[in-house]
Engineer: 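Quick one: the structure is below, and I'll ask about it shortly.
Since this is a predicted model, take the numbers as computed values, not measurements.
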Protein chains: 2
Amino acid sequence: MNILNLKIDILKLVAHPVRIAILNELSKGVKCVSDLEEFLEVRQSNISQHLSALRHTEIIDYFIDGRLRCYFLKSPFILDLLEIVKKDYPEELPGPECCPVTKKGTYPGDRRK
Amino acid sequence: MNILNLKIDILKLVAHPVRIAILNELSKGVKCVSDLEEFLEVRQSNISQHLSALRHTEIIDYFIDGRLRCYFLKSPFILDLLEIVKKDYPEELPGPECCPVTKKGTYPGDRRK
DNA sequence: CAAATATATTCAAATATTCTAATATATAAA
DNA sequence: TTTATATATTAGAATATTTGAATATATTTG
């Protein structure tokens, strides 16, 4: 698998409310599954399923302390991603000038005869 | 819809090889659908479907020149996203110290008795 | 060792996504 | 005004994702 496709798989995983909440929590530090259960309103097995998916893409890893599995973030890409997800974007991009009512404008390429 | 869910929907859309290729192309400038057809190996109707999805989430917009629809990027979030997708991440995050073989470590929270 | 706790896995149903084929629409050219 | 070109929409099949329920596994405690 090439790098782009790997990133696409990661984006797909992050694009889920429960998984993004898990990742956001792990970005603050090590958490065990019970910690996550405390603030996620989904069943335990479902949390484990999401953690499993995140593990398989090497986004997270864990160590064991007794019967606790302690998860932590492994991917620096995720930190950058979480950051722009939290960032506020009040403005649209400037964009090419075109009439906002008729949506008419001039194509800049060479396809026009 | 709140801001987080909007961003999640956007991530879901970006997490697709054809759509990310389209967005990457639009990040370089205005392109009409035929321009996109030229380097995407999918059928025209499929490209239109992807463009439609991107329009509905307000990621892109278009203007019309004759029979050409000229698409352009509207969302600054996408520019930041494309940038980190292209960025190289050679290192893993440092992570908590734990034995890489046994995966044993010490839970930092207060759940341990 | 038995019971309790923490977590993972499997399976199946429900739901969502993706793609192709067919067709529709709008503009321009002949 | 017929025809060609550019693009969009719809419908349906194929595929993938998500979740809950049930169950399995490992560790600790009594």
Engineer: Quick check: does any side chain N or O of B/Asp65 sit under 3.5 Å from a backbone N or O of A/Tyr107, one acting as donor and the other as acceptor?
Structural biologist: yes

Engineer: C/dT27 C1' sits how many Å from B/Leu68 CG, rounded?
Structural biologist: 10 Å

Engineer: For DNA chain C, which residues of residues 43-55 of chain B approach it to below 4.0 angstrom with any heavy atom?
Structural biologist: B/Arg43, B/Ser45, B/Asn46, B/Gln49, B/His50

Engineer: Rounded to whole angstroms, how far apart are CG on B/Leu13 and P on C/dT17?
Structural biologist: 9 Å

Engineer: May I ask you to decide whether A/Asp35 forms a salt bridge with B/Arg111, counting only side-chain N to carboxylate O separations under 4.0 Å?
Structural biologist: yes

Engineer: In this structure, how many angstroms lie between the P atom of D/dA6 and the CZ atom of B/Arg67, rounded?
Structural biologist: 6 Å

Engineer: Mind checking who D/dG30 pairs with, Watson-Crick or G-U wobble, both distances under 3.5 Å?
Structural biologist: C/dC1

Engineer: Taking only Lys NZ, Arg NE, NH1 and NH2, and the carboxylate oxygens of Asp or Glu, determine whether A/Lys86 and A/Glu83 approach each other closer than 4.0 Å.
Structural biologist: no

Engineer: Between B/His56 (NE2) and D/dA8 (P), how many Å, whole number?
Structural biologist: 11 Å

Engineer: Out of curiosity, B/Leu13 CG to A/Leu11 CG, how far, rounded to the nearest 0.5 Å?
Structural biologist: 11.5 Å

Engineer: Expressed as a whole number of angstroms, how long is the span from B/Phe63:CZ to D/dT7:P?
Structural biologist: 12 Å

Engineer: What pair of heavy atoms forms the shortest contact from B/Ile22 to B/His50, and how long is it?
Structural biologist: CD1-CB, 4.1 Å

Engineer: Say whether, by atom type as modelled, one donor and one acceptor occur between the side chain of B/Ser75 and the main chain of B/Phe77 under 3.5 angstrom.
Structural biologist: yes

Engineer: Whole-Å distance between D/dT7 C1' and A/Lys103 NZ?
Structural biologist: 14 Å

Engineer: Decide yes or no for B/Ile84 and B/Tyr89: does some side-chain heavy atom of the first lie under 4.5 Å from some side-chain heavy atom of the second?
Structural biologist: yes

Engineer: Between P on D/dT27 and CZ on B/Arg112, what's the gap in Å once rounded to a whole number?
Structural biologist: 12 Å

Engineer: Can you see if the side chain of B/Arg69 gets near the phosphate of D/dA6 - specifically, an N or O under 4.0 Å from OP1 or OP2?
Structural biologist: no

Engineer: Calculate the interatomic distance between A/Asp65 atom CG and D/dT27 atom P; express it in whole Å.
Structural biologist: 12 Å

Engineer: Please determine if A/Arg55 and A/Asp61 form a salt bridge, counting it only when a charged side-chain N lies under 4.0 Å from a carboxylate O.
Structural biologist: no

Engineer: Which part of the nucleic acid does A/Tyr107 contact within heavy-atom distance under 4.0 Å: base, sugar-phosphate only, or nothing?
Structural biologist: nothing

Engineer: In residues 16-40 of chain B, which ones come under 4.0 Å of DNA chain C, going by heavy atoms?
Structural biologist: B/His16, B/Arg19

Engineer: Among side-chain atoms of A/Arg69 and A/Tyr62, is any donor-acceptor pair under 3.5 angstrom?
Structural biologist: yes

Engineer: With a cut-off of less than 4.0 Å, is there a side-chain N or O of B/Tyr71 near OP1 or OP2 of D/dA8?
Structural biologist: yes

